[in-house]
Amino acid sequence: MRLALLAAVAGVAVLGACSNQPKYEFAEGACYFVATPDNAPPRLQKIADDQPQLEQCAARLEEMRLRFLRMGGSNQEIAGAYQGRFIFIDREGVKIGKSLTGSRFFSMARTGDGRLAIPGAIQRDETGRPVAVAAEPAAK
């Protein structure tokens, strides 16, 4: 019984070591863009330092995505990384994953006017579509 358990543990360790996922070094508070050059493994490019939370990194990546679109780009999706988590931004919102190819978990949704918000903060109409709600401007 012990021999079978030991063999199973060793097999899992060997499979984990053979993972073809690239290994990355993440600096504390640094936000990265995941560049995917043709026929080369993905690489990280630092775009911001001193980001206190993953959501701020997602905001920097969203700014970058919108800048590319305004310059005539057509890519609606962008990927980034923050402290060991990967961030995926598209038309629907923000998803988070532990790897570039693994499962992704929904983190932030788009409001009716395109802004990003945590899902519980989004007001919806009777059909379930997001409704843009802006605060009244302050009187001067």
Side-chain angles (χ1 to χ4, degrees):
M1 181 69 174
R2 283 187 174 174
L3 187 58
L5 181 61
L6 184 59
V9 170
V12 170
V14 168
L15 288 175
C18 294
S19 173
N20 60 358
Q21 289 288 323
K23 302 292 185 227
Y24 299 106
E25 295 290 325
F26 298 99
E28 179 90 17
C31 181
Y32 299 93
F33 166 67
V34 177
T36 52
D38 294 335
N39 299 324
R43 67 177 190 271
L44 300 180
Q45 295 178 338
K46 189 186 296 187
I47 60 170
D49 283 314
D50 300 324
Q51 300 299 297
Q53 296 178 329
L54 186 134
E55 290 81 6
Q56 277 84 5
C57 180
R60 301 295 80 76
L61 290 164
E62 174 70 357
E63 288 172 354
M64 185 175 158
R65 185 184 81 86
L66 292 174
R67 241 181 280 132
F68 285 155
L69 290 172
R70 286 185 190 123
M71 292 184 333
S74 61
N75 190 0
Q76 293 288 332
E77 300 175 3
I78 193 168
Y82 178 78
Q83 293 186 196
R85 297 284 186 247
F86 291 93
I87 304 167
F88 306 93
I89 302 176
D90 59 19
R91 288 180 174 181
E92 295 175 6
V94 178
K95 296 172 187 77
I96 308 298
K98 290 183 179 179
S99 70
L100 286 170
T101 58
S103 300
R104 298 177 185 180
F105 302 95
F106 195 66
S107 175
M108 299 173 78
R110 295 212 180 267
T111 60
D113 61 355
R115 293 177 294 162
L116 292 171
I118 56 174
I122 298 172
Q123 293 187 357
R124 299 185 181 276
D125 66 14
E126 58 279 349
T127 65
R129 292 184 48 90
V131 177
V133 178
E136 291 292 322
K140 291 186 178 184

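Among residues two or more places apart in sequence or in another chain, the side chain to side chain donor-acceptor pair (under 3.5 Å) test is passed with K98 by none. In this view, T127 and D125, R129 satisfy the side chain to side chain contact (heavy atoms under 4.5 Å, CB included) rule, not counting sequence neighbours. Every side chain to side chain donor-acceptor pair (under 3.5 Å) that E62 has, sequence neighbours left out, goes to R65, R110. E28 meets the side chain to side chain contact (heavy atoms under 4.5 Å, CB included) test with Q83; sequence neighbours excluded. Under the rule for a side chain to side chain donor-acceptor pair (under 3.5 Å), the partners of D49 that lie at least two apart in sequence or sit in another chain are K46. Listed by chain and residue number, nothing satisfies the side chain to side chain donor-acceptor pair (under 3.5 Å) test with E55 (two or more places apart in sequence, or in another chain).
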F105 vs S107, side-chain contact (heavy atoms from CB on, under 4.5 Å): CA-CA, chis, key distance, verdict: CA-CA 6 Å; F105 302 95; S107 175; over 6 Å; no

Apply side-chain contact (heavy atoms from CB on, under 4.5 Å) to I89 and K95, showing your working. CA-CA 7 Å; I89 302 176; K95 296 172 187 77; over 6 Å; no

For the pair F88 and L100, evaluate side-chain contact (heavy atoms from CB on, under 4.5 Å) and give the outcome as yes or no after the intermediate values. CA-CA 9 Å; F88 306 93; L100 286 170; 4.2 Å; yes

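Interatomic distance, I96 CD1 to I87 CD1, rounded to the nearest 0.5 Å: 5.0 Å. The structure places CG of L61 at 5.5 Å from CD1 of I78, a figure rounded to the nearest 0.5 Å. With rounding to the nearest 0.5 Å, the separation of CD in Q53 from CD in Q51 is 10.0 Å. We find the OG-CZ distance between S99 and R85 to be 10.0 Å, quoted to the nearest 0.5 Å. The CE atom of M108 sits 9.0 Å away from atom CG of L54, with the distance rounded to the nearest 0.5 Å.
Atom CD of E92 sits in a sparse spot, with 12 or fewer heavy atoms from other residues, nucleotides or ligands closer than 6.0 Å.
Not one N or O on the side chain of Y82 forms a donor-acceptor pair closer than 3.5 Å with the backbone of Q56.
Here the side chains of S74 and F68 are not in contact, with every heavy-atom distance at 4.5 Å or above.
Minimum heavy-atom separation, A81 to C57: O-SG, 3.7 Å.
Among pairs with a residue in residues 59-103, none fulfils disulfide bond (SG atoms under 2.5 Å apart), at least two apart in sequence or across chains.
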Could you give the side-chain donor-acceptor pairs of residues 29-38 under 3.5 Å, partners two or more places apart or in another chain?
{"from": "Y32", "atom 1": "OH", "to": "A27", "atom 2": "N", "distance (Å)": "3.0"}

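Hydrophobic clustering of Ile, Leu, Val, Met, Phe, Trp and Tyr side chains at less than 4.5 Å, counting indirect connections, unites M71 with M64.
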